[in-house]
Amino acid sequence: MHCMATSGARSKALGGLGQWWGVLAGLLLIAAWINSSAGPAVVIALSALTVAWCLFQAPVTCGAPVRGRDDGCRNNASGILLGCHIRQHRWQKLKMLILRRQVRQFCAGLFSDGKATVVTLAGVGSFVSGLVALVPGVVVH
């Protein structure tokens with residue numbers, strides 16, 4: 001019980017910024033690309049951190065299919081792969097990636113609003129950044 005109270009106090013001490021650590025990783029990734037002395041290992045690590053944040057912790061809307069709404073669930077969610085606090089929505093979002101006829105709907109949800117678009121582009125850019133840093137000689141100097 002004491003640990004739960006401590007973690008709640010810790011998140012309040014950060015003022016809710018604890019969920020935004022991925023933005024810091026993304027900014028450090030940009031700085032690592034600008035400063036060529038950072039090296040590929042740093043770029044790959046920061047790319048992986050930013051992609052993980054985008055997929056599993058970035059604050060976006062849920063978007064899981066809901067009866068009576070064309071735009072889906074409007075609850076807050078963590079990451080573009082996970083749904084909101086409703087357990088069924090988490091499974092629905094993951095199932096949309098597996099079922100071929102629902103992949104288009106999932107991809108449309110990636111660009112449903114401004115937050116989702118920014119998180120999606122940050123995740124794709126970070127993934128490409130990691131691949132470019134992983135394959136030597138791809139970047140032309």
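Owing to the predicted nature of the structure, the values given are computational and were not obtained by experimental measurement.
Nearest heavy-atom pair across C62 and K93 is O-NZ, 2.7 Å. Smallest separation of non-hydrogen atoms from M96 and F106: CE-N, 3.5 Å.
Note: the hydrophobic cluster containing V43 does not contain I30 (ILVMFWY, side chain heavy atoms under 4.5 Å, direct or indirect links). Taking hydrophobic clusters as Ile, Leu, Val, Met, Phe, Trp and Tyr residues chained together by side-chain heavy-atom distances below 4.5 Å, W21 shares a cluster with V23.
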For residues 73-89, please give each side-chain donor-acceptor pair under 3.5 Å, one per line with the distance, not counting sequence neighbours.
none

Name each donor-acceptor pair under 3.5 Å that joins a side chain in residues 112-134 to protein atoms two or more places apart or in another chain, with its distance.
unit_1: S112; atom_1: OG; unit_2: G109; atom_2: O; d: 3.1
unit_1: D113; atom_1: OD1; unit_2: A116; atom_2: N; d: 3.0
unit_1: T117; atom_1: OG1; unit_2: D113; atom_2: O; d: 2.8
unit_1: T120; atom_1: OG1; unit_2: L110; atom_2: O; d: 2.9
unit_1: T120; atom_1: OG1; unit_2: A116; atom_2: O; d: 2.7
unit_1: S126; atom_1: OG; unit_2: A122; atom_2: O; d: 2.8
unit_1: S129; atom_1: OG; unit_2: W33; atom_2: NE1; d: 2.6
unit_1: S129; atom_1: OG; unit_2: S47; atom_2: OG; d: 3.1

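Below 30°, between 30° and 60°, or above 60°: for W53 and W20 the angle between ring planes is between 30° and 60°, a tilted geometry.
The side chain to side chain donor-acceptor pair (under 3.5 Å) check on T50 picks up nothing, with sequence neighbours excluded.
Between L24 atom CG and L46 atom CG the span is 9.0 Å, to the nearest 0.5 Å.
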